[in-house]
Protein chains: 2
Amino acid sequence: MTSSRPSTREAIRAAAAELFPAGGYAGTSVRDIAAAAGVDAALIIRHFGSKEALFLEIMQLDEEAQPLLDGPIDQLGEHFIEYVLNAGDEVRGIFLALVRASDSDGVAPRLREVHDTAFVAPLRSRLTGPDAEVRARLAASLVGGLLYSMWVVGDEELLAADRTDIVRRYGALLQALVTP
Amino acid sequence: MTSSRPSTREAIRAAAAELFPAGGYAGTSVRDIAAAAGVDAALIIRHFGSKEALFLEIMQLDEEAQPLLDGPIDQLGEHFIEYVLNAGDEVRGIFLALVRASDSDGVAPRLREVHDTAFVAPLRSRLTGPDAEVRARLAASLVGGLLYSMWVVGDEELLAADRTDIVRRYGALLQALVTP
DNA sequence: GTCTATAATTGGATAGAC
DNA sequence: GTCTATCCAATTATAGAC
């Protein structure tokens with residue numbers, strides 16, 4: 001609002017959003033971000049306070065990234081897996097960067113938060129029954145496990161496999177937690 | 001073999017095996033390891049070549065860490081989940097440290113290797129059918145997802161939940177991939 | 001084999017001119 | 001708001017005495 005040139009701050013944000021997931025938190029220096037953004041390194045600290053503050057400001061999910069869960073309950077499993085596989089680089093990048101930087105005290109709570117809002121809460125909202133809480137969290141484990149093996153581990157055979165087959169098979173497992 | 005005092009090298013190994021999983025790769029300095037081991041920092045480089053070489057020498061699974069898979073095939077799901085939950089700090093520590101350091105080019109292949117030998121291969125060996133390969137890798141995703149949510153994310157409700165309940169529920173999902 | 005001292009680099013963050 | 005110059009701390013790794 002007070003800025004006369006909004007481009008600088010946005011350029012830093014855009015560069016950070018690209019470099020942090022690619023190179024990791026420790027592997028991405030403030031100077032790297034500054035160079036990619038075409039600005040001076042000092043401006044990053046001046047605008048965001050610290051490297052970690054910038055990281056945490058970028059690595060969060062806005063409301064729009066929440067998956068739609070309007071569909072029929074008996075297809076929730078497949079639909080959610082399909083969403084996770086297609087949900088674009090943004091969610092995947094945030095997930096990846098947070099997981100790999102989660103040994104830092106500052107980012108560990110953020111990973112919990114993103115995991116909760118992206119996986120647990122949407123599933124929890126549509127589950128019923130006495131064990132809904134545990135089932136929702138196991139469901140979130142299952143979903144996170146797919147992201148883990150494909151993008152953290154980088155399982156080549158899984159990445160090369162037929163996506164509709166994965167959606168069908170893995171979605172059926174998720175469905176078993178949703179409607180036991 | 002050539003060393004007159006095997007204690008130094010072992011002391012370094014022990015300290016590294018404890019500090020790396022706890023503090024992460026970037027968060028653990030050579031000096032930290034040296035202090036914990038009660039040796040000089042220069043000896044670490046002299047004995048292992050580099051920090052990364054030490055990390056990679058520690059963060060691997062020896063054969064003994066492989067789970068036994070002798071039991072009945074129709075209880076493999078529960079047994080494997082039970083193994084993963086109880087399999088001690090060693091496997092968990094290696095898994096954790098590798099996941100969080102997997103943005104480095106040097107450790108990414110090692111994570112794939114450990115994931116393969118600890119999760120994929122044991123399951124793959126007991127699966128039959130045309131889609132055994134994909135099913136084994138989805139099963140490994142499922143298993144890794146549980147470790148992810150409990151130990152990387154640190155889902156408190158899941159950690160506090162009844163383990164036998166988790167084994168029963170999550171094991172049933174794994175079983176559905178083993179014997180469809 | 002071990003340790004002291006230090007090199008050589010890189011990092012985040014700051015001060016102050018413009 | 002922006003940039004130049006720099007500080008200061010921390011890192012891995014090495015050289016050489018003992």
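Note on naming: letters A, B, ... go to the chains in the order of the sequence lines (proteins, then strands), and numbering restarts at 1 for each one.
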Whole-Å gap separating P (D/dA15) and CD1 (B/I45)
13 Å
Expressed in angstrom and rounded to an integer, what is the separation of A/L54 atom CG from C/dG12 atom C1'?
13 Å
Stepwise, does the ring-ring contact (aromatic ring centres under 6.0 Å, His included) test hold for B/H115 with B/F95?
CA-CA 8 Å; B/H115 175 80; B/F95 175 84; 7.9 Å; no
Below 4.5 Å, heavy atoms only, C-beta onward: do B/I94 and B/P21 meet side chain to side chain?
no
So which one's nearest nucleotide on DNA chain C is more toward 5', A/A26 or A/A42?
A/A26
With a 4.0 Å cutoff (strictly under), does any side-chain N or O of B/T8 reach OP1 or OP2 of C/dG1?
no
For the pair A/D165 and A/R169, find out whether any cationic side-chain nitrogen is under 4.0 Å from an anionic carboxylate oxygen.
yes
Which whole-number value in Å describes the distance from A/I44 CD1 to C/dT14 C1'?
15 Å
Send over the distance from B/K51 NZ to D/dA13 C1', rounded to a whole Å.
12 Å
Integer-rounded Å distance: C/dC3 P and B/I12 CD1:
10 Å
Any side-chain heavy atom of A/I81 sitting closer than 4.5 Å to one from A/L173?
no
Using whole Å, what does the distance between atom P of nucleotide C/dT14 and atom CZ of A/R31 come to?
13 Å
Quick check for you: among D/dT4, C/dT2, D/dA13, whose closest atom lies nearest to any side-chain atom of B/R46?
C/dT2
If I take atom CG in residue B/D32 and atom P in nucleotide D/dA10, what distance separates them, rounded to the nearest angstrom?
11 Å
Verify whether the ring centers belonging to A/Y148 and B/Y148 lie closer than 6.0 Å.
no
For the residue pair A/L177 and A/L123, establish whether any side-chain heavy-atom pair is separated by less than 4.5 Å.
no
In whole angstroms, how far is the P atom of C/dC3 from the CG atom of B/L43?
5 Å
Should B/H47 be listed as having a side-chain N or O under 4.0 Å from OP1 or OP2 of C/dG1?
no
Estimated bend of the helix from C/dG1-D/dC18 to C/dC18-D/dG1 (axis per five terminal pairs, rounded to 10 degrees):
0°
Electrostatic pair A/R168:A/E78 at N-O distance under 4.0 angstrom:
no
With nearest nucleotides of DNA chain D determined for B/D40 and A/A41 from heavy-atom distances, which residue corresponds to the more 5′ nucleotide?
A/A41
